[in-house]
Peer 1: 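The structure that follows is given in the form of structure tokens.
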Amino acid sequence: MVKKEPVIQVKDLYKIYRLGEEKVRALNGVDFVINRGEFCSIVGTSGSGKSTLLNMLAGLEKPTKGEIVIAGEHMETKKENQLVAFRREHIGFIFQSYNLLPTLSAVENVALPLTFQGVNRKMRTKRANELLNLVGLATHKKHKPTQMSGGQQQRVGMARALVVEPEIIFADEPTGNLDSVTSEEMMQLMRKVVYQRHQTLVMVTHDDHLASYADRIIRIRDGKVISITEKTEEERREMIEELKRTEQEKKEKERGMRK
């Protein structure tokens with residue numbers, strides 16, 4: 001059995017907004033733990049507090065009260081410049097709207113975050129190429145966003161999130177602009193990345209079916225966690241085996257097409 005190591009710990013978290021005389025509790029005493037190497041879904045309807053929670057975890061908003069400990073560091077006590085540095089070094093983002101630069105090719109978009117880390121051009125390009133291979137875009141490396149489908153653009157977005165080798169990836173409704181078939185492919189890819197790279201991935205979604213791909217599902221309503229469900233080790237093994245079978249079938253199909 002794999003030893004569980006907490007990488008995100010949230011304790012008694014509150015976010016209260018003032019609207020005139022009224023107080024709105026976007027988060028109302030939230031507690032949970034996410035372990036390293038887990039795929040976690042935070043699920044809730046619009047207005048449930050899930051997006052506020054994601055912003056808190058990423059250090060984009062300050063809590064009114066409570067603790068957020070990520071990789072042993074307290075996010076709520078950091079100053080803005082410290083948060084920027086922490087995100088740059090430890091966190092990757094996958095956005096619903098892709099957020100790719102239209103004038104850059106796929107490989108250039110993926111390599112861009114490494115520029116801010118001072119990585120030389122040769123190494124940036126090498127790592128970007130490796131990750132585009134991982135997400136199945138080996139033949140699209142020179143394509144610009146307008147030359148790619150939504151699903152392909154989102155794969156570029158995932159490769160960009162992975163290129164800095166982050167401890168945690170945050171995904172905000174990553175399939176929101178994709179059709180159902182492409183959404184399924186994206187979820188399979190996200191699960192593959194988690195298991196093959198022992199990556200921690202936290203996804204916010206309103207979709208129960210997409211949430212079911214995760215190892216841990218945190219349901220939130222009216223700013224409170226109403227349930228946390230976790231897959232057993234046996235269920236995780238079954239998902240990994242299913243993923244391996246899917247990968248093998250895909251490879252065999254590709255070999256057949258080349259003959």
Side-chain angles (χ1 to χ4, degrees), residues 2-96 166-174 194 198-208 210-232 236:
V2 178
K3 184 180 177 182
K4 293 182 178 179
E5 176 192 352
V7 70
I8 298 177
Q9 298 174 76
V10 174
K11 303 173 185 176
D12 199 29
L13 192 66
Y14 287 81
K15 181 63 177 181
I16 302 171
Y17 297 100
R18 286 188 177 274
L19 293 176
E21 295 296 313
E22 186 182 356
K23 288 183 179 180
V24 177
R25 293 175 178 264
L27 294 175
N28 195 14
V30 171
D31 294 270
F32 61 83
V33 172
I34 298 171
N35 296 312
R36 191 176 300 280
E38 276 189 343
F39 182 175
C40 175
S41 290
I42 299 173
V43 194
T45 58
S46 178
S48 62
K50 65 183 186 300
S51 294
T52 301
L53 178 55
L54 187 72
N55 288 341
M56 297 282 160
L57 295 176
L60 299 171
E61 288 188 57
K62 287 280 190 181
T64 305
K65 176 188 171 186
E67 296 181 23
I68 304 168
V69 184
I70 297 183
E73 298 192 37
H74 279 263
M75 302 297 285
E76 78 279 2
T77 61
K78 290 184 180 293
K79 295 178 180 177
E80 185 56 37
N81 62 329
Q82 293 173 319
L83 288 168
V84 170
F86 186 87
R87 284 193 294 268
R88 186 171 60 235
E89 299 296 328
H90 299 276
I91 292 173
F93 291 94
I94 303 173
F95 303 96
Q96 178 179 336
E167 291 191 71
I168 299 158
I169 296 174
F170 291 121
D172 187 4
E173 298 277 9
V194 169
H198 198 58
Q199 185 71 57
T200 306
L201 194 151
V202 181
M203 176 182 74
V204 163
T205 183
H206 66 278
D207 190 313
D208 283 327
L210 298 181
S212 71
Y213 279 84
D215 304 310
R216 182 184 300 268
I217 301 173
I218 299 172
R219 297 188 183 280
I220 187 169
R221 182 190 298 159
D222 298 330
K224 291 184 178 182
V225 172
I226 58 170
S227 71
I228 299 176
T229 56
E230 185 179 353
K231 282 187 171 64
T232 64
R236 285 197 68 176

Peer 1: Could you tell me the separation between the CZ atom of R18 and the OG1 atom of T64, rounded to the nearest 0.5 Å?
Peer 2: 9.5 Å
Peer 1: Which atom pair, heavy atoms only, marks the closest approach of P166 to I169?
Peer 2: CG-CG1, 3.9 Å
Peer 1: Answer yes or no: are there more than 12 heavy-atom neighbours, outside K224 itself, under 6.0 Å from its atom NZ?
Peer 2: no
Peer 1: Return the minimal non-hydrogen interatomic distance between F39 and A214, and the atom names on each side.
Peer 2: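 Shortest heavy-atom contact: O-CB, 3.3 Å.
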Peer 1: So T205 and Y213, do their side chains get closer than 4.5 Å, heavy atoms only?
Peer 2: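 A side-chain contact under 4.5 Å is absent here.
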Peer 1: Taking the side chain as every heavy atom from C-beta outward, state whether I218 and C40 have any pair of such atoms under 4.5 Å apart.
Peer 2: yes
Peer 1: Would you name the heavy atoms of I168 and Q199 that are closest together and state the gap between them?
Peer 2: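 It is N-NE2, 4.0 Å.
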Peer 1: Are any of the side-chain heavy atoms of H206 and T45 separated by less than 4.5 Å?
Peer 2: no
Peer 1: So, do I228 and E230 sit near enough that their side-chain heavy atoms are less than 4.5 Å apart?
Peer 2: no
Peer 1: Atom CG of residue position D222 - does it have more than 12 heavy atoms of other residues, nucleotides or ligands inside 6.0 Å?
Peer 2: no
Peer 1: Can you spot which of D12, T52, L13 makes a side-chain contact (heavy atoms from CB on, under 4.5 Å) with P63?
Peer 2: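 Considering D12, T52, L13, a side-chain contact (heavy atoms from CB on, under 4.5 Å) with P63 is found only for L13.
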Peer 1: Can you list the steps and then say if H74 with V69 is a side chain to side chain contact (heavy atoms under 4.5 Å, CB included)?
Peer 2: CA-CA 5 Å; H74 279 263; V69 184; 3.4 Å; yes
Peer 1: Can you find a pair of side-chain heavy atoms, one from E173 and one from K50, that are under 4.5 Å apart?
Peer 2: yes
Peer 1: Which atom names give the shortest non-hydrogen contact between S212 and K231, and what distance separates them?
Peer 2: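 Shortest heavy-atom contact: O-NZ, 2.7 Å.
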Peer 1: Closest heavy-atom contact between E61 and M56?
Peer 2: O-SD, 3.5 Å
Peer 1: Side-chain contact test, heavy atoms from C-beta onward, threshold under 4.5 Å: evaluate it for K11 versus D31 and give yes or no.
Peer 2: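 Result yes, sub-4.5 Å side-chain heavy-atom pair found.
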Peer 1: Quick one: do K15 and V30 satisfy side chain to side chain contact (heavy atoms under 4.5 Å, CB included)? Show the steps, please.
Peer 2: CA-CA 10 Å; K15 181 63 177 181; V30 171; over 6 Å; no
Peer 1: Nearest 0.5 Å please: distance from the CD atom of E167 over to the CD atom of E89.
Peer 2: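 That separation rounds to 10.5 Å.
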Peer 1: For a 4.5 angstrom cut-off between non-hydrogen side-chain atoms, does Q9 reach E67?
Peer 2: no
Peer 1: Around R221, counting heavy atoms of other residues, nucleotides and ligands shown, do more than 12 lie under 6.0 Å from its CZ?
Peer 2: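 No, not enclosed.
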Peer 1: From F32 CZ over to I220 CD1, what is the distance, rounded to the nearest 0.5 angstrom?
Peer 2: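 Reported value, rounded in 0.5 Å steps: 8.0 Å.
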Peer 1: For G49 versus L27, what's the shortest heavy-atom pair and its separation?
Peer 2: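 Here G49 and L27 meet closest at O-CD2, 3.5 Å.
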Peer 1: With a 4.5 Å limit on heavy-atom distance, are the side chains of M75 and L57 in contact?
Peer 2: no
Peer 1: Please assess E73 against R87 for the test salt bridge (charged side-chain N to carboxylate O under 4.0 Å, His left out), listing each intermediate value before the final yes or no.
Peer 2: CA-CA 12 Å; E73 298 192 37; R87 284 193 294 268; over 6 Å; no
Peer 1: Just how far is it from atom NZ of K65 to atom CD1 of I16, taken to the nearest 0.5 Å?
Peer 2: 8.5 Å
Peer 1: What distance do I8 atom CD1 and I70 atom CD1 have between them, rounded to the nearest 0.5 Å?
Peer 2: 5.0 Å
Peer 1: Hey, is the main chain of L19 close enough, under 3.5 Å, to the side chain of E22 for a donor-acceptor pair?
Peer 2: no
Peer 1: Out of curiosity, D215 CG to R236 CZ, how far, rounded to the nearest 0.5 Å?
Peer 2: 4.0 Å
Peer 1: Given I42, which of I217, V204, D172 fulfils the side-chain contact (heavy atoms from CB on, under 4.5 Å) condition?
Peer 2: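 Going through I217, V204, D172 one by one, the side-chain contact (heavy atoms from CB on, under 4.5 Å) with I42 is satisfied by V204 alone.
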